[in-house]
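The model shown is predicted, which means the values in this text are computed figures rather than measured ones.
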Amino acid sequence: MTAPQLGTLTWTPAHEHPDLLGAPVAAALPGLSGPAWVAAIDDDAADTAAFTDVYGVPAAASANCVVVAARRAGETTLAACLVLATTRADVNGLVRRHLGARKASFAPQDVAVAESGMAYGGITPVGLPASWPVLVDAAVAASELVVIGSGTRGSKLAVSGAVLAALPGAVVLDGLGQPLD
């Protein structure tokens, strides 16, 4: 396998560096349908804007994972939404309707961290609890290679959109990612 060329980062096979990954992510790697690459980054550059500036990875090659809390009849369902960094997730429209919720909003940070077992700013769809729906924007699923979180703020993963679309609980949705205002 040839390492990807994305920005100024040095990418290595993720399975060779579980120390760079959140525990749930490392545990999920063997179940992926294709290769995953990891690159160490500075914790302070984990957020998308800083990451693209510091490492030269285009925002169009990065995807953000947001955790959504969907509520209906007193029940809350947590779900992950994966959209290109050049877009925002349509939480109050498509996500709410897809999950059959009366109300959907971003999950509180402490809930997202506790329930995912991952660091805030590094939450990724790889290794999330099996009960969570993973909603993947069609543009992410069509990407040859996309950079996502690794479960920690100290690294990033690079995987194909097809690998993300094949995750347990994944559903590919057209229009999940909406243009930034």
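- Lys156 places a side-chain N or O within donor-acceptor distance of the main-chain N or O of Ala46, the cut-off being under 3.5 Å.
- In terms of hydrophobic clustering, with Ile, Leu, Val, Met, Phe, Trp and Tyr side chains grouped at heavy-atom distances under 4.5 Å, Val146 and Val134 are assigned to a common cluster.
- Within the 4.5 Å cutoff, the side chain of Ile123 has heavy atoms near those of the Val67 side chain.
- In this structure, the separation between CD1 on Ile41 and CZ on Phe51 is 6.0 Å, given to the nearest 0.5 Å.
- Looking at residues two or more places apart in sequence or on another chain, you find a side-chain hydrogen bond (donor to acceptor under 3.5 Å, both in side chains) between Ser105 and Arg71.
- Residues passing the side-chain contact (heavy atoms from CB on, under 4.5 Å) test with Thr152, sequence neighbours excluded: Ser150, Ser155.
- Nearest heavy atoms, Pro13 versus Val38: O-CG1, 4.3 Å.
- Applying the salt bridge (charged side-chain N to carboxylate O under 4.0 Å, His left out) test to every pair with at least one member in residues 157-171, sequence neighbours left out, gives no pairs at all.
- Grouping the Ile, Leu, Val, Met, Phe, Trp and Tyr side chains by contacts below 4.5 angstrom, directly or via other members, places Leu84 with Leu164.
- For the pair Leu78 and Val111, the minimum side-chain heavy-atom distance is below 4.5 Å.
- Contact of the Ile148 side chain with the Leu82 side chain is registered, since non-hydrogen atoms from C-beta on lie closer than 4.5 Å.
- Every residue was checked against the side-chain hydrogen bond (donor to acceptor under 3.5 Å, both in side chains) condition with Thr52, not counting sequence neighbours, and none meets it.
- Under the rule for a side-chain contact (heavy atoms from CB on, under 4.5 Å), the partners of Pro129 that lie at least two apart in sequence or sit in another chain are Ser131, Trp132.
- Between atom OG1 of residue Thr86 and atom CD of residue Gln178 there is a gap of 11.5 Å, rounded to the nearest 0.5 Å.
- Contact between Pro133 and Leu99 at its shortest, heavy atoms only, is CG-CD2, 3.9 Å.
- For residues 100-126, the set of pairs meeting the salt bridge (charged side-chain N to carboxylate O under 4.0 Å, His left out) definition, not counting sequence neighbours, is empty.
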- Item | Pair Asn64-Thr48, side-chain hydrogen bond (donor to acceptor under 3.5 Å, both in side chains): steps then yes or no | CA-CA 8 Å; Asn64 291 329; Thr48 305; 2.6 Å; yes

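- Taking the side chain as every heavy atom from C-beta outward, Leu173 and His98 approach each other to under 4.5 Å.
- Cluster note: Val113 groups with Tyr120 through ILVMFWY side-chain heavy atoms spaced under 4.5 Å, whether in direct contact or through intervening members.
- Closest of all the heavy-atom pairs between Val172 and Ala165 is CG2-CB, 3.7 Å.
- Residues Gln5 and Trp11 are not in side-chain contact: their nearest non-hydrogen atoms beyond the backbone lie 4.5 Å or more apart.
- Here the CG-OG1 distance, from Leu176 to Thr87, works out to 7.5 Å after rounding to the nearest 0.5 Å.
- With sequence neighbours excluded, the residues satisfying side-chain contact (heavy atoms from CB on, under 4.5 Å) with Ala89 are Val66, Cys81, Val83, Val91.
- Tracing side-chain contacts under 4.5 Å through hydrophobic residues (I, L, V, M, F, W, Y), one never reaches Leu145 starting from Val140; they form parts of separate clusters.
- Under the side-chain hydrogen bond (donor to acceptor under 3.5 Å, both in side chains) criterion, Asp90 pairs with no residue at all, not counting sequence neighbours.
- When all heavy atoms are compared, the tightest approach of Val57 to Ser62 is CG1-OG, 3.7 Å.
- The shortest distance between side-chain heavy atoms of Met118 and Thr124 falls below 4.5 Å.
- Looking at heavy atoms from C-beta onward, Val147 lies out of side-chain contact with Val159 at the 4.5 angstrom threshold.
- The local environment of CD in Glu144 is sparse, with at most 12 non-hydrogen atoms from other residues, nucleotides or ligands closer than 6.0 Å.
- Counting heavy atoms from C-beta on, the side chains of Val136 and Val171 never come closer than 4.5 Å.
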Atom pairs and distances, donor-acceptor, side-chain atoms in residues 20-34, under 3.5 Å, two or more places apart:
none

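- Applying the side-chain contact (heavy atoms from CB on, under 4.5 Å) rule to Asp42 yields the partners Asp44, Ala45, Tyr55; only residues at least two apart in sequence or on another chain are considered.
- Note on Val126 and Val163: same hydrophobic cluster, where clusters join Ile, Leu, Val, Met, Phe, Trp and Tyr whose side-chain heavy atoms are under 4.5 Å apart, directly or indirectly.
- Every salt bridge (charged side-chain N to carboxylate O under 4.0 Å, His left out) that Arg153 has, sequence neighbours left out, goes to Asp47.
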